[in-house]
There are 2 protein chains.
Amino acid sequence: MKSNRSVTSKDVAKLAGVSQSTVSRVFNPNSNREVKPDIKEIVLDAGKKLGYKPNIIARGLVSKKTNMVGVVVANPIGPFYSKIITELTSKLQQNGAQPLIFTLEDQEDIQKIIDKVLQYQVDGVIITSSALSVEMADECIENDLPTVLFNVYKNHNKISCIYSDNRESGRMVAKLLVDTGHKNIAHITYKKQAFTIVERKQGFYEELKKHGIEYIIEESCDYTYEAGYEVGLKLIQKKNIPDGVFCVSDVIAMGVIDAIKNESDLKIPEDIAIIGFDDIPQASWKSYDLTTIHQPVELLIDKSVDALFKLINKTSTEDIIEKISTEIVIRQSTRNIKK
Amino acid sequence: MKSNRSVTSKDVAKLAGVSQSTVSRVFNPNSNREVKPDIKEIVLDAGKKLGYKPNIIARGLVSKKTNMVGVVVANPIGPFYSKIITELTSKLQQNGAQPLIFTLEDQEDIQKIIDKVLQYQVDGVIITSSALSVEMADECIENDLPTVLFNVYKNHNKISCIYSDNRESGRMVAKLLVDTGHKNIAHITYKKQAFTIVERKQGFYEELKKHGIEYIIEESCDYTYEAGYEVGLKLIQKKNIPDGVFCVSDVIAMGVIDAIKNESDLKIPEDIAIIGFDDIPQASWKSYDLTTIHQPVELLIDKSVDALFKLINKTSTEDIIEKISTEIVIRQSTRNIKK
DNA sequence: CTGAAAGCGCTTACAG
DNA sequence: CTGAAAGCGCTTACAG
């Protein structure tokens, strides 16, 4: 009953009076050779007595499958991605793979991380960090490693991408603002370039242009509440204060809201409407009640994991591309009707 | 230059005209045998030409060190633990170990997870899920696996624990409420038992008792904003509305605050003071500005990782126990002076 | 300093 | 259905 990490199949074989091969077959769920039930029983008993557990590392070496999946994440990350990591991780485990996390620090050498991912012999990898993900994906694929880009799209055959429709989301926000009578509009974007961010912005600008709005106040900042607060202050000090603000993330939008509430007499949404992006849990908290774009996180995760396993199991040899629709969630930070 | 996952040390040896042992020595940072510089050069060149990267799994099998550390987390988790996972993960990687995540789902069999942790041959494990962590730690230690309990304390020699002083934190909250003249006090706790939660509560009750306060309104709920909101509604419907509320977590406290703001005329902090626990980023957001106990997350993480590596490297053979002090952060959800 | 060889704990053809 | 044997890609005594 006493278990021990150093018990091997050889020990079990000796106790059970069978060959080591037989022990292997009994404990290997993927073995194609069946073992006679009575022998199986004896082996299982011996295994239990010794506390035997197959060594997955050794198995991985010969079977070329480690049942580990690499998950590449950026650090630092906000609440949106934190939640994604946890859920992605859980979903992978449900699919029988253990997630091995690789953190891409702000100034870290991306090549070092790629090498590590490759060295650990993971069965596949999901890359969630949009910053440099395409470069990374390229190299993983060159090495025949099944790879899925999470929330990034790159038109390059062989790279699988599961992403939400950021461009259309931007358009939806623009439509809402136009429909509720806004003319003087601001956009707060992220100060670094990233696929999702650029798409949101382009969709937003395109749609506004279609409705004759060409002049847009643009600010950029970090992906934090504090940065949003700062930008909020800047906005209310302008001669020409916007009456509708689309923020590239909820966290930023919340900073903007608090800046307006605390440092001006402007009313939200009567004087100024605020829209975010992501629909993090805090967006629905009463103090913010933020109109925002809901990213279907669960669907993105499910599709990404499914896609990855299709690639791993060679159920699909093509790259898998899926664009997921978002929804706009109207709450109290925007007006319902034309003013 | 073209790298390939299937290039082995044998291939490099052939190209470089040396033995496979020599290649191994060149690429193994821990090799104690030095290789002559000129030969080293040749081998390195050959390696680069073929895109050789040592197979960490194979290395792990023989060296008995995988450079992977298990991290056990519960699912679902709130923003406090999400952040911890990300930072813990990053810190482990900085220390040269890749984190392998094991998620303990709500109703999942804990034994299955323990077996997996053991099977993956991790060098050590950090257990962050307080729910069943002690049972798990016991078994890991029985298997000679270096183990650290994160934010849990269990008096049982051999289990290392790094945790913040929940009991003293509870006392600090009680003192603050007493000092600012509160008499009619409520405590909102988590509906499940867990070490951290129970300690907070006991410290809080002890200290209140010391000051003659024995009657405390007690409610319990889930670890979410929504649950906090519900409880908040309950509180303001009482005949005897408390004037000071200590919530077991910030997320719950924020729900309570919003319930009070939206569904009553009570003023915070004049009529009712709210105190949280954790000091998550949102606690400092202006709409909440929550007085709370700051858990020194970074310190907890640093100490936990340090402790784990001491156990792994056998720098310490004793179990390592550290209780970390917290601080109370006074913001606008409590009054400053005796009313 | 370098190489031949054994071995880490498994899986998996190959025989029987 | 079962066993003996080769081999996965490394590390590491052991000789030289």
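Letters A, B, ... mirror the listed sequences (proteins, then strands); counts begin at 1.
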Spacing of [X] atom [atom1] relative to [N] atom [atom2], expressed in whole Å:
X	N	atom1	atom2	value
Leu61(B)	dG7(C)	CG	C1'	9 Å
Asn55(B)	dT11(D)	CG	C1'	13 Å
Asp38(A)	dC1(D)	CG	P	11 Å
Ile56(B)	dT11(D)	CD1	P	10 Å
Lys10(B)	dA4(C)	NZ	P	12 Å
Gln20(B)	dT12(D)	CD	C1'	11 Å
Lys40(B)	dG3(C)	NZ	P	16 Å
Arg59(B)	dT12(D)	CZ	C1'	13 Å

Can a side-chain donor-acceptor contact be found between [Y] and [X] if the only test is distance below 3.5 angstrom?
X	Y	answer
Ser90(A)	Gln94(A)	yes
Thr22(A)	Ser19(A)	yes
Gln93(A)	Asn75(B)	no
Glu139(B)	Asn143(B)	no

Selected nucleotide, minimal atom distance to Thr22(A) side chain, candidates dT11(D), dG3(C), dG3(D):
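My answer, after comparing the listed nucleotides, is dG3(D).
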
If we ignore hydrogens and angles and just use 3.5 Å, is the side chain of Asn313(A) paired with the main-chain N or O of Phe309(A) as donor and acceptor?
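Pair found, side chain donor or acceptor close to backbone of Phe309(A).
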
Could you tell me whether Ser21(A) contacts a base, only the sugar-phosphate backbone, or nothing, with contacts defined as non-hydrogen atoms closer than 4.0 Å?
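It contacts base atoms.
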
Which is true for Ile57(B) with a 4.0 Å heavy-atom rule: it touches a base, it touches only sugar-phosphate, or it touches nothing?
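The answer is nothing, as Ile57(B) stays clear of every strand by at least 4.0 Å.
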
Would you mind reporting whether Met68(A) and Ile57(B) have side-chain heavy atoms less than 4.5 Å apart?
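Touching, per the 4.5 Å side-chain cut-off.
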
What does the 5'-to-3' dot-bracket notation of DNA chain D look like when only Watson-Crick and G-U wobble pairs under 3.5 Å count, and pairs to other strands show as |?
|||.||||||||.|||

Short side-chain N/O contact to [N] OP1/OP2 from [X], under 4.0 Å:
X	N	value
Ser19(A)	dT2(D)	no
Lys64(A)	dT11(C)	no
Ser9(A)	dC10(C)	yes
Asn28(B)	dT11(D)	yes

Closest-nucleotide ordering on DNA chain C, the 5'-leading residue of Arg25(B) and Val62(B)
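Result: Arg25(B).
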
Lys91(A) NZ: over 12 foreign heavy atoms closer than 6.0 Å:
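Enclosed.
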
